[in-house]
> 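This is the structure, below, for whatever I ask next.
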Amino acid sequence: MDNRFTIYNSLSRKKEPFTPLHPPFVGLYVCGPTVYSDPHLGHARPAVTFDLLYRYLMHLEYMVRYVRNITDVGHLENDADEGEDKIEKKARLEHLEPMEVVQKYINSFLKNMEQLNTLHPSIEPRASGHIIEQQQLIEELIKKGYAYEVNGSVYFDVLKYNEKYKYGKLSGRVLEELQSNTRTLDKQDEKRNPFDFALWKKATPEHLMRWPSRWSDGYPGWHLECSAMSIKYLGEVFDIHGGGMDLQFPHHECEIAQSTAAQGKESVRYWMHNNMITINGQKMARSLGNFITLDQLFIGNHPLLTQAYSPMTIRFFLLQAHYRSTIDFSNEALLAAEKGFQKLMKGIETLDKLKPSLTSTIDIPSLRKKCYEAMDDDLNSPVLLSYLFEGVKYINSVSDGTEKLSINELTSLKDLFKVFVFDILGLKDENISKGDEKLTSELMKIIINLRQGAKNKKEWAESDKIREDLKNAGIILKDLKDGAEWEME
RNA sequence: GGUCGGUUAACCGAGUGGCUAGGUAGCGGUCUGCAAAACCGUUUACGGCGGUUCGAAUCCGCCACCGACCUCCA
């Protein structure tokens, strides 16, 4: 495969041709969720974005190892809440074991991800399952002089790191500015500098999630897991690291510092960040309380929703925007996405019924080329969709007889839709009535024939009543030149 | 305050130094017993002010507004 595929590297702030370190293998690491409450629309964005990447890389015949972690320990509440562990806090509130909380929300996360038709990553490692690896990394950092212990906790020495490497290169931050901007003057702070971050925290007596170590009974810092697990599963240097833009600082910056300090070299070659979903112009986040969970979207029970939206509508909605743009949530936008998605699916249904002609009036190879160009350009799914809609227009024109497709071109167009819509964009037809499909279609044939009889006798009242009754039952009847077709509402 | 990004028609959202993005919604038409679908045509655009250029919504500068991030025990 020639590598025309370019991706925007957050590190260089430029689009770069993608060349894996060890082709045909590609290592991909993506920051997964902290599992302490139900997944919301914001979680769907990275999941779908990197699913798209994963699918496209595989389509390009790369052998991809896709690692997406699950944070089940170490992610503390920020500022507001005394820095309690997010999961422990939830456990206390719900009277559950921390690991019960973790299990509950892993289950709902994975369920929602399946509904969105994202493929399972190759490995989904959990932070709590890699305490040893994280401790080893801490040892390494202490040995190399980039970490120090105070009262049983271990901190990363950012100032020391900055002497040799540049701290802040990913987020464009300069240490001196960070220093001057730091607002706290904590008297009892154990850290040498406010911007140092915890690698290991000594557990207070009431803290539940704790592991023994030579420093203290404690737990790992949040940033550590990603360094430890990416190195373990993808090696010291790997191709792509993804995650939400809000993780750039401090999380990814700290990851870079940890991995670089421990290994003497950087581990990530391409950093990719998806943008946020906004609601009324503001980031949708649990901490802001303005989020809509995926279940609420699928069921439709949220004050801001006028109806339920299917998982594929949500997926289509996300794919209609480029992953590096913010995408604003609204009912209107979702409604438009729902219609658009249905139009695409109907087009594909029509495509299956097209009859070939002897000649073609449409140039399918050039359409195919444009589709690849869109994907190669940093996963430009909205542009790809616009070309697919161009394809739908062709399909409908052929169906209407204003355009023609030869057998070869028709086959090629079918393949194009299969590849781009289902394999790469990961959309799927959600049409109901799968179970009794055969019976239903036989019954519908009979009903349509009866109605045709009435129509032949110009008994319009009768034929309209049949159509009306069907509509009330959720079946839409469409009269065509020869006969009629139907679909579920 | 610092860093980064954004501002495109009714809504959502691409993109490019000169050529229709696309979807949804409007409007007019074709088809149809009527409707729906489909097709054809079509209406609202590039935040403001300057500059570069034969030409800028696109490049540069300034301004306005919006957003993200600015750590771990606030």
Side-chain angles (χ1 to χ4, degrees), chain A residues 10 13 74-85 153 155-156 158 168 170-174 176-178 180-184 186 188-191 193-199 201 204 221-223 244-251 253-254 273 275-276 278 281-283 285 316-317 320-322 324-344 346-347 350 370 374 377 380-390 392-393 395-397 399-403 455 458-461 463-464 467-468 471 476-481 484-487:
Chain A
S10 307
R13 292 166 208 283
H75 196 167
L76 303 182
E77 296 266 314
N78 41 14
D79 299 6
D81 259 3
E82 315 150 36
E84 194 173 0
D85 186 290
S153 292
Y155 297 95
F156 188 90
V158 172
L170 177 66
S171 53
R173 259 155 255 254
V174 181
E176 289 70 36
E177 281 167 9
L178 281 174
S180 61
N181 277 332
T182 315
R183 46 207 165 157
T184 42
D186 282 327
Q188 320 128 293
D189 200 336
E190 296 172 336
K191 295 185 290 190
N193 285 296
F195 40 75
D196 286 354
F197 54 91
L199 298 170
K201 292 290 286 183
T204 53
W222 172 40
H223 311 304
M245 247 174 209
D246 53 345
L247 296 179
Q248 251 181 27
F249 191 88
H251 185 56
E253 206 67 76
C254 295
H273 291 96
N275 214 319
M276 303 289 100
T278 59
Q282 206 183 22
K283 173 186 166 184
F316 184 87
F317 171 67
Q320 250 189 332
H322 189 258
R324 280 189 290 113
S325 305
T326 55
I327 184 169
D328 199 53
F329 164 89
S330 70
N331 261 297
E332 250 183 322
L334 284 174
L335 228 39
E338 185 176 60
K339 289 273 181 63
F341 173 63
Q342 283 167 357
K343 180 172 179 162
L344 185 63
K346 253 179 249 167
T350 310
K370 286 194 277 188
D377 184 16
N380 201 331
S381 54
V383 168
L384 170 59
L385 280 169
S386 82
Y387 291 138
L388 291 173
F389 278 111
E390 210 171 278
V392 169
K393 207 169 182 176
I395 290 167
N396 288 327
S397 300
S399 176
D400 282 7
T402 52
E403 302 274 4
K455 282 177 71 178
K458 298 202 190 299
E459 290 167 358
W460 307 127
S463 83
D464 284 354
R467 190 168 60 193
E468 191 58 29
K471 186 166 189 294
I476 310 284
L477 206 60
K478 288 183 278 189
D479 288 332
L480 306 174
K481 283 193 193 97
E485 66 177 36
W486 64 276
E487 67 188 15

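Note on naming: letters A, B, ... go to the chains in the order of the sequence lines (proteins, then strands), and numbering restarts at 1 for each one.
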> Is the aromatic ring centre of A:W460 closer than 5.5 Å to the centre of the six-membered base ring of B:G33, with the two planes inclined by less than 30°?
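Ring-base stacking flag set for A:W460 and B:G33.
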> Of A:T326, A:D246, A:T278, which is the lone residue that meets side-chain hydrogen bond (donor to acceptor under 3.5 Å, both in side chains) with A:K283?
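Filter result, single survivor: A:D246.
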> Applying side chain to side chain contact (heavy atoms under 4.5 Å, CB included), can you list everything that pairs with A:D464, at least two apart in sequence or on another chain?
A:R467
> Determine the contact category for A:E253: base if any of its heavy atoms lies under 4.0 Å from a base atom, sugar-phosphate if only primed atoms, P, OP1 or OP2 are that close, otherwise nothing.
nothing
> Write down the distance separating the C1' atoms in B:G18 and B:C11, rounded off to the nearest Å.
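These two C1' atoms come out 29 Å apart once rounded.
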> Please give the distance between the P atoms of B:U16 and B:C27 as a whole number of Å.
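Looking at atom P only, B:U16 and B:C27 are 34 Å apart.
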> In a table with atom names and distances, give each donor-acceptor pair under 3.5 Å that connects a side chain of residues 334-344 of chain A to protein atoms at least two apart or in another chain.
| from | atom 1 | to | atom 2 | distance (Å) |
| --- | --- | --- | --- | --- |
| A:E338 | OE1 | A:Q307 | NE2 | 3.4 |
| A:E338 | OE2 | A:Q307 | NE2 | 3.2 |

> Write down the distance separating the P atoms in B:G1 and B:U43, rounded off to the nearest Å.
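Here B:G1 and B:U43 have their P atoms 44 Å from each other.
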> Could you tell me how far B:C54 sits from B:C49 if I compare only their P atoms? Round to whole Å.
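Here B:C49 and B:C54 have their P atoms 23 Å from each other.
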> Could you go through nucleotides 10-14 of chain B and list every protein N or O atom that sits under 3.5 Å from one of its N or O atoms, giving the distance for each pair?
| from | atom 1 | to | atom 2 | distance (Å) |
| --- | --- | --- | --- | --- |
| B:G13 | OP1 | A:D328 | N | 2.7 |
| B:G13 | O2' | A:Q320 | O | 3.4 |
| B:A14 | OP1 | A:H322 | N | 2.6 |
| B:A14 | OP1 | A:S325 | OG | 2.8 |

> If you round to the nearest 0.5 Å, how far is CG of A:L170 from CD of A:Q248?
4.5 Å
> Can you name the atoms? Protein N/O to nucleotides 35-41 of chain B N/O, anything below 3.5 Å, with the distance.
| from | atom 1 | to | atom 2 | distance (Å) |
| --- | --- | --- | --- | --- |
| B:A35 | N6 | A:D479 | O | 3.3 |
| B:A35 | N1 | A:D479 | N | 3.2 |
| B:A35 | N3 | A:R467 | NH1 | 3.0 |
| B:A36 | N1 | A:D479 | O | 3.2 |
| B:A38 | O3' | A:N396 | ND2 | 3.0 |
| B:A38 | O2' | A:D400 | OD2 | 2.9 |
| B:C39 | OP1 | A:N396 | ND2 | 3.1 |
| B:C39 | O4' | A:D400 | OD2 | 3.3 |

> Dot-bracket, 5' to 3', for RNA chain B please: Watson-Crick or G-U pairs under 3.5 Å, [ ] where pairs cross earlier ones, | where the partner sits on another strand, dots elsewhere.
(((((((..(((.....[...))).(((((.......)))))....(((((..]....))))))))))))....
> Say you draw a straight line from CD of A:Q320 to CD1 of A:I327; how long is it, rounded to the nearest 0.5 Å?
7.5 Å
> Please report the distance separating the P of B:G5 from the corresponding atom of B:U53, rounded so that it comes out in whole Å.
27 Å
> Out of B:A68, B:G22, B:G33, which has the shortest distance to the side chain of A:K283?
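Nearest to the side chain of A:K283 among the choices is B:A68.
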> Could you measure between the two C1' atoms, the one in B:C31 and the one in B:G15, and give it in whole Å?
35 Å
> Might you list the N or O atoms of the protein lying below 3.5 Å from N or O atoms in nucleotides 25-28 of chain B, with each pair's distance?
| from | atom 1 | to | atom 2 | distance (Å) |
| --- | --- | --- | --- | --- |
| B:A25 | OP1 | A:K339 | NZ | 3.1 |

> Has A:S399 got a side-chain atom pairing as donor or acceptor with A:I395's backbone, closer than 3.5 angstrom?
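Checked: no pair found.
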